[in-house]
*Asks:* 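Got a structure for you, questions after.
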Amino acid sequence: MRRVILYIATSLDGYIARPNGDTSWLHDERYSLEGEDFGYGALLQSIDTTLMGYKTYQVILGFDMPFPYPDKVNYVLSRSPHADAAHVQFVQEDATVFVRNLKRQQGKNIWLIGGGQVNTLLLKAGLIDEFIITYVPVILGDGIPLFAQGTPEKQLHVLESKSFRNGFVQLWMQP
Ligand SMILES: NC(=O)c1ccc[n+]([C@@H]2O[C@H](COP(=O)([O-])OP(=O)(O)OC[C@H]3O[C@@H](n4cnc5c(N)ncnc54)[C@H](OP(=O)(O)O)[C@@H]3O)[C@@H](O)[C@H]2O)c1
């Protein structure tokens, strides 16, 4: 069965974006390490499909660059109808039923890009198989949480942890 992998970066206080959706703190100059991509290239090799919430899709569209995953099948979860758009398919059916069926289909793994709302939805439904969480040594104080407040407590097993010279710490976990 295909695995859903949540590969995402978070602040120390558990935010994936500032309250206005800004993620520029992730791309601060001080964090760049020559020749290091924090496992991103390997992740892209291992997947053929992405999943994202509509708000994350809007943020990606706002970046000043072409759509970043044109060679993948990209699904955007939304409760509202949307006109066809390049590179993505909008999922209008029940999102957890859709993802459960997607996992049963042939193919490579599935990258759950985020954001917080869809992370929470799929976590609660037990549909996330792997967590690769990169902790960035910054406290934002407020923002969009990795998982929404009120998410039920859950213990994860750490398979591996990696630390990087720029202060990033990455935990590889599974339920
Ligand atoms: N740090 C990182 O690495 C990282 C990675 C990814 C994203 N982000 C950030 O995360 C932020 C967005 O996170 P977010 O939590 O605000 O939003 P989100 O999870 O990206 O998207 C929320 C939207 O998903 C749809 N949705 C939510 N629950 C649903 C359900 N049960 N069924 C179907 N559709 C559902 C709804 O779309 P409709 O309103 O259209 O119904 C909802 O508005 C952005 O700022 C992005 O930059 C950061």
Side-chain angles (χ1 to χ4, degrees), residues 4-28 30-32 36-44 47 49-65 67-69 72 74-85 87-103 110-128 130-152 162 164 166-173:
V4 171
I5 304 170
L6 174 62
Y7 173 94
I8 198 164
T10 175
S11 71
L12 279 189
D13 48 350
Y15 296 115
I16 56 172
R18 291 200 170 101
N20 64 359
D22 172 46
T23 52
S24 59
W25 50 278
L26 264 178
H27 309 289
D28 191 295
R30 81 189 79 177
Y31 299 135
S32 68
E36 181 57 72
D37 73 352
F38 310 103
Y40 182 66
L43 174 88
L44 286 184
I47 60 123
T49 301
T50 76
L51 277 175
M52 70 195 97
Y54 187 67
K55 289 192 177 167
T56 292
Y57 170 63
Q58 285 178 306
V59 168
I60 290 173
L61 283 189
F63 292 150
D64 190 17
M65 61 179 197
F67 188 79
Y69 323 114
K72 310 293 182 195
N74 304 290
Y75 293 110
V76 177
L77 304 182
S78 171
R79 297 191 198 89
S80 331
H82 297 282
D84 289 350
H87 306 300
V88 300
Q89 296 175 45
F90 296 101
V91 176
Q92 232 71 98
E93 63 181 278
D94 182 290
T96 56
V97 172
F98 174 82
V99 174
R100 205 164 275 124
N101 288 334
L102 192 62
K103 287 174 69 166
I110 299 160
W111 175 20
L112 171 57
I113 297 178
Q117 287 187 34
V118 300
N119 295 345
T120 306
L121 177 75
L122 299 187
L123 179 78
K124 282 183 174 170
L127 288 169
I128 306 180
E130 261 177 67
F131 300 74
I132 305 174
I133 312 289
T134 305
Y135 289 87
V136 177
V138 62
I139 295 164
L140 293 178
D142 195 5
I144 297 170
L146 174 61
F147 297 107
Q149 212 175 13
T151 302
K162 297 181 183 178
F164 298 89
N166 63 353
F168 284 14
V169 174
Q170 200 170 63
L171 292 186
W172 295 54
M173 298 171 282

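Count residues from 1 along the sequence. A quick note: this is a predicted structure, and the numbers were derived from the prediction, not measured. For ligands, and for the atoms within them, numbers begin at 1 and follow the listed sequence.
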*Asks:* According to salt bridge (charged side-chain N to carboxylate O under 4.0 Å, His left out), who are the partners of Arg30, at least two apart in sequence or on a separate chain?
*Replies:*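 Only Asp28 meet the salt bridge (charged side-chain N to carboxylate O under 4.0 Å, His left out) criterion with Arg30.
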*Asks:* Name the orientation class of the two ring planes belonging to Phe98 and Tyr75 (parallel below 30°, tilted from 30 to 60°, perpendicular beyond 60°).
*Replies:*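 Perpendicular, since the angle between the ring planes exceeds 60°.
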*Asks:* Identify the closest protein heavy atom to atom 10 (O) of ligand 1: which residue and atom is it, and at what distance?
*Replies:*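 Ranking protein heavy atoms by distance from atom 10 (O) of ligand 1, first comes Ile16 CD1, 3.3 Å.
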*Asks:* Within a distance under 4.0 Å of any heavy atom of Val118, pick out the atoms of ligand 1 and give their elements.
*Replies:*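 Answer, ordered by atom number: 19 (O), 24 (O).
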*Asks:* For the residue pair Tyr69 and Phe67, categorise the inter-ring angle as parallel (less than 30°), tilted (30 to 60°) or perpendicular (more than 60°).
*Replies:*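 The arrangement is perpendicular - the two ring planes meet at more than 60°.
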*Asks:* Which of the atoms of ligand 1 are close to Ile144, meaning less than 4.0 Å from one of its heavy atoms?
*Replies:*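 Those atoms are 11 (C), 13 (O), 14 (P), 15 (O), 16 (O), 45 (O).
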*Asks:* If the cut-off is 4.0 Å to any non-hydrogen atom of Ser80, which atoms of ligand 1 fall inside it?
*Replies:*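 Close to Ser80: 40 (O), 41 (O).
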*Asks:* Below 4.0 angstrom from a heavy atom of Thr23, which ligand 1 atoms are there? Numbered from 1 as shown, please.
*Replies:*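 Checking each atom against Thr23, I get 47 (O), 48 (C).
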*Asks:* If hydrogens are left out, which of Ile60, Asn20, Leu77 has an atom nearest to atom 25 (C) of ligand 1, that is, the closest non-hydrogen atom?
*Replies:*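 Minimum heavy-atom distance to atom 25 (C) of ligand 1 goes to Leu77.
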*Asks:* Under 4.0 Å from a heavy atom of Ala17: give me the atoms of ligand 1 that qualify, with their elements.
*Replies:*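 Here the atoms of ligand 1 in question are 9 (C), 45 (O).
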*Asks:* In the protein, what heavy atom is nearest to atom 27 (C) of ligand 1, and what distance, to one decimal place, separates them?
*Replies:*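 It is Gln117 OE1, 3.3 Å.
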*Asks:* Which ligand 1 atoms does Leu121 reach within 4.0 Å, using its non-hydrogen atoms?
*Replies:*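 Matching atoms, with element in brackets: 30 (C), 31 (N).
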*Asks:* If hydrogens are left out, which of Tyr7, Phe98, Tyr54, Trp25 has an atom nearest to atom 24 (O) of ligand 1, that is, the closest non-hydrogen atom?
*Replies:*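 Looking at heavy atoms only, the winner is Tyr54.
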*Asks:* Evaluate the ring planes of Tyr7 and Trp111, with Trp represented by its six-membered ring, and classify them as parallel (under 30°), tilted (30 to 60°) or perpendicular (over 60°).
*Replies:*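 Rings of Tyr7 and Trp111: perpendicular, over 60°.
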*Asks:* If you count the atoms of ligand 1 from 1 in the order shown, which ones are under 4.0 Å from a heavy atom of Ala95?
*Replies:*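 It comes down to these atoms of ligand 1: 32 (N).
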*Asks:* Find all atoms of ligand 1 within a distance of less than 4.0 Å from any non-hydrogen atom belonging to Gly21, and give their numbers and elements.
*Replies:*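 Atoms satisfying the 4.0 Å criterion: 45 (O), 47 (O).
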